[in-house]
Every structure is written in structure tokens, then in C-alpha cells.
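Report on the structure given below.
Note that the structure is a prediction, hence the values are computed from the model and not measured. Nothing fancy with the numbering, it's 1 onward along the sequence.
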Amino acid sequence: MTQDEAFLHAIVESPEDDVPRLVYADWLEDHGDPERAEFIRLQIELARDGKEDEFWDGGSRRAEELLRAHQDRWVKGLPAWARPKASFRRGFVWSVHCTARQFLQGGAALCRAVPLEQAHFARVSGLLGKLLAAPFLPLLSSLILVNEGLTADDARLLAECPAFARLRWLQLSRNAIGAEGARALAWSPHLANLADVKLVGNNLGAEGAAALAGSPYLTRLGELNLQANYVGDEGARGLAGAARLVGSLATLNLRYNVIGPPGAKALADCPHLAGLAKLEMMNNPLGDAGAEHLAGSPNLAGLRVLELRENGIGDAGARALAASPHLAGLTELDLYENRIGDAGLLALASSPYLRNVRQISAHGRRAVGEEARRAFEERFGR
């Protein structure tokens with residue numbers, strides 16, 4: 001084993017530890033590869049500061065420059081199928097997008113070469129069982145299976161897989177697992193460490209939302225995305241009553257879920273959502289009554305981002321939001337494509353509570369006068 005291989009082996013063996021990566025960076029700089037050393041250090045610093053996705057940050061821009069200039073060289077040792085969509089984090093390839101068959105055939109060699117944490121699998125039909133039995137699957141902390149036609153039976157296979165002790169992120173969007181699949185995932189002790197679950201477009205309905213709400217294991221979620229699942233008011237009430245599920249949430253996505261004022265009231269009345277920082281409810285029939293329920297809730301005082309676009313909200317709802325002391329912490333408020341007119345825009349523009357808002361949209365389906373438009377733009381910009 002060469003010295004370079006020994007360093008990589010140490011990094012693969014301790015994927016969560018930055019020390020072997022930084023030691024390797026020092027060695028690289030001493031052995032004629034300062035660009036690779038700089039890149040590793042930059043990405044580790046960005047990860048520690050939570051700025052990995054902030055491309056306007058100077059460190060992020062420099063890391064992107066280095067990656068564009070040297071990526072071909074840095075992925076040269078990987079299997080050809082892993083190179084096109086290989087993604088770097090903390091200085092090394094951490095994510096690949098490949099077919100299930102490619103991973104089954106070459107995943108072992110890949111996992112010896114890089115500290116792989118995330119896999120986005122395609123063409124899993126007929127191979128899911130073999131994939132879940134692969135000996136290197138326990139290395140993953142993130143699994144993505146999008147638009148693969150997964151059914152409730154497939155969800156059960158996932159739920160019964162004992163290899164997911166390290167799994168933190170699970171995305172099964174645009175499949176067909178339904179309520180039964182949601183129930184299988186919710187009652188899996190192997191998924192107890194999940195922090196981020198995305199189940200967009202799986203036809204869960206209120207029953208699926210209730211199954212998730214009853215989970216004794218999904219107690220560490222920071223983000224839950226149930227967009228486009230028709231959970232309705234009943235499903236919203238079920239989620240609101242699930243202290244174990246929602247108590248740790250920072251982000252909740254309920255876009256396109258046919259949630260009206262009763263569902264909004266249930267969420268607003270939920271004391272377990274006190275830690276929620278981001279609530280996304282685009283395209284639900286909340287109307288003014290729903291906006292008023294949310295605006296009047298002290299349980300939502302921790303919100304920083306509130307997305308209410310396309311909800312049929314008019315002037316009354318806008319006035320309620322503008323007059324809410326509970327929303328004083330907002331930095332983003334999205335009211336795009338509602339029915340807000342002059343009175344609503346003027347209320348938002350004169351709000352004493354929206355002083356921290358840096359990004360706001362209230363352009364809608366009603367024509368507004370010049371005075372209201374000017375007042376709004378003077379307060380919040382265009």
C-alpha cells in the first residue's frame with residue numbers, strides 16, 4: 001500500500017472525522033499538490049460553518065473554481081460510470097448517481113476508493129432486494145430513489161433492511177408507496193436515525209400522514225417533505241398531534257396537499273411545532289381564514305421562512321400576517337399569486353413586525369394602485 005492509499009484508507013474508515021482529511025491535505029501540500037490540499041481545507045471549513053451551498057461566499061467560489069479546474073484529475077481513479085455525476089463534500093467524492101446494476105457490480109471498489117455517503121440509484125426494478133443486501137450499503141448516510149415506481153412492498157423491503165444504522169437522509173419522491181408503504185417506514189427501528197425524509201408525490205393521503213404521525217421511531221427528524229400527497233385537513237390534524245414526529249422539525253413542506261382553514265388551525269394550535277423555522281404551504285386552499293390562524297399562533301414564533309403562495313389569500317389575510325407579533329422573526333415571506341390588493345399591500349408595507357424580512361413576494365392576481373405598489377417597494381424593494 002502506498003502512502004497515498006494509506007491516507008485514503010484512513011479517510012474511508014473514519015468518514016465522519018475531519019482529522020484524517022486535514023492530515024492528508026498537509027501531506028498533499030508537502031508533495032506537490034497544493035490545489036487539492038486547498039480544496040479539502042476549504043470544503044471542510046464550509047461544511048463546519050454550514051455554508052456549503054452559499055455560492056456567494058468567497059470560500060465557496062474559490063472551491064468551485066478549484067473543482068472546475070481539477071475535477072477530471074480528481075475523479076480519474078473512479079470507475080467510469082461513477083465520474084459524470086460524482087459530487088464532492090468535505091474534500092472528497094461523497095455522492096454518486098448510478099444504476100443499481102452498476103453499483104452492484106462496482107460499488108465495492110468505489111467504496112474502497114472514496115468515503116461514499118450518498119447514492120442516487122436508478123433502474124432499481126427487480127434489483128432492490130439485491131441492492132439492499134449489498135455488503136457496502138451500511139456505509140451510506142443518504143439514499144435517493146426517485147421516480148422508480150416503488151410500491152408499498154418495496155417500502156417494506158427498505159423498512160426491513162438492517163443496514164441503515166447510519167442513514168440520515170431518505171428520499172423516495174415520486175413513487176407509489178401509498179399509506180401502507182408509509183406505515184412500513186414509520187414502524188421500522190432501522191430508520192430511527194433519519195433526520196431528513198422526502199416523500200413527495202407518493203399518494204399517502206390522510207391515512208399515510210397518520211401512519212407517519214404514529215411512528216415511535218421517527219423522532220429525530222429535522223426536515224419532513226410531504227409535498228403533493230393529498231393529506232388534507234385530516235392529515236394535517238394527525239401531524240399536528242404527533243409530538244414525537246414533529247417535535248424536532250425545523251422544516252415542514254406541505255405544498256399541494258388540499259389543506260384548508262381547519263388544517264391550518266390544527267398546525268397553528270400545535271405546541272410541538274415551536275422549533276419550526278420553515279413552513280412551506282404553497283397551493284393549498286387556506287384563504288384568509290387559514291392565514292389568520294397561522295398569524296395568530298404563538299406556537300409559530302420561531303418561523304424564519306413562511307411560504308403561502310397560491311393560497312387564495314386576500315387583504316384580510318395579509319392584514320392578519322402584517323399585524324402578527326408572532327411573525328416578527330420572519331426573514332422570508334412568500335405571498336406570490338394570492339388575491340392581495342391595495343389594502344393588503346399597504347398593511348404589509350406598514351407592518352411594525354416584518355422588520356427582519358429580507359425577501360418578500362406579494363405580487364398577485366389583483367391589480368393594485370400606484371400608491372400601494374410604491375409603498376410596498378419602498379419598504380421591501382422590488
Under the side chain to side chain donor-acceptor pair (under 3.5 Å) test against Ser95, which residue among His120, Arg89, Gln118 passes?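 The passing option is Gln118.
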Within a radius of less than 6.0 Å around [atom1] of [X], do more than 12 heavy atoms belonging to other residues, nucleotides or ligands occur?
X      : atom1 : answer
Glu280 : CD    : yes
Tyr230 : OH    : no
Arg123 : CZ    : no
Arg83  : CZ    : yes
Glu65  : CD    : yes

Which word best sums up how the rings of Phe7 and Tyr24 line up, parallel for under 30°, tilted for 30 to 60°, or perpendicular for over 60°?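 Rings of Phe7 and Tyr24: tilted, 30 to 60°.
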Classify the ring geometry between Phe39 and Phe88 as parallel (under 30°), tilted (30 to 60°) or perpendicular (over 60°).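 Correct class here is perpendicular.
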May I ask you to check whether Asn193 and Arg166 show a side-chain donor-acceptor distance below 3.5 Å?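 Per modelled atom types, Asn193 and Arg166 side chains form no pair under 3.5 Å.
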So that I can tick it off, tell me whether [Y] and [X] are bridged by a salt bridge, with the cut-off set at under 4.0 angstrom between side-chain N and carboxylate O.
X      : Y      : value
Asp269 : Arg237 : no
Arg168 : Glu117 : no
Arg373 : Glu377 : yes
Glu337 : Arg309 : no
Glu38  : Arg41  : no

Test log, rule salt bridge (charged side-chain N to carboxylate O under 4.0 Å, His left out), inputs Lys278 and Glu223: CA-CA 9 Å; Lys278 185 175 185 179; Glu223 181 169 346; over 6 Å; no
Pro15 and Leu139, any side-chain heavy atoms less than 4.5 Å apart: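 With C-beta onward as the side chain, the pair stays apart.
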May I have the step-by-step check of salt bridge (charged side-chain N to carboxylate O under 4.0 Å, His left out) for Arg61 and Glu64, ending in yes or no? CA-CA 5 Å; Arg61 288 198 300 272; Glu64 285 296 310; over 6 Å; no
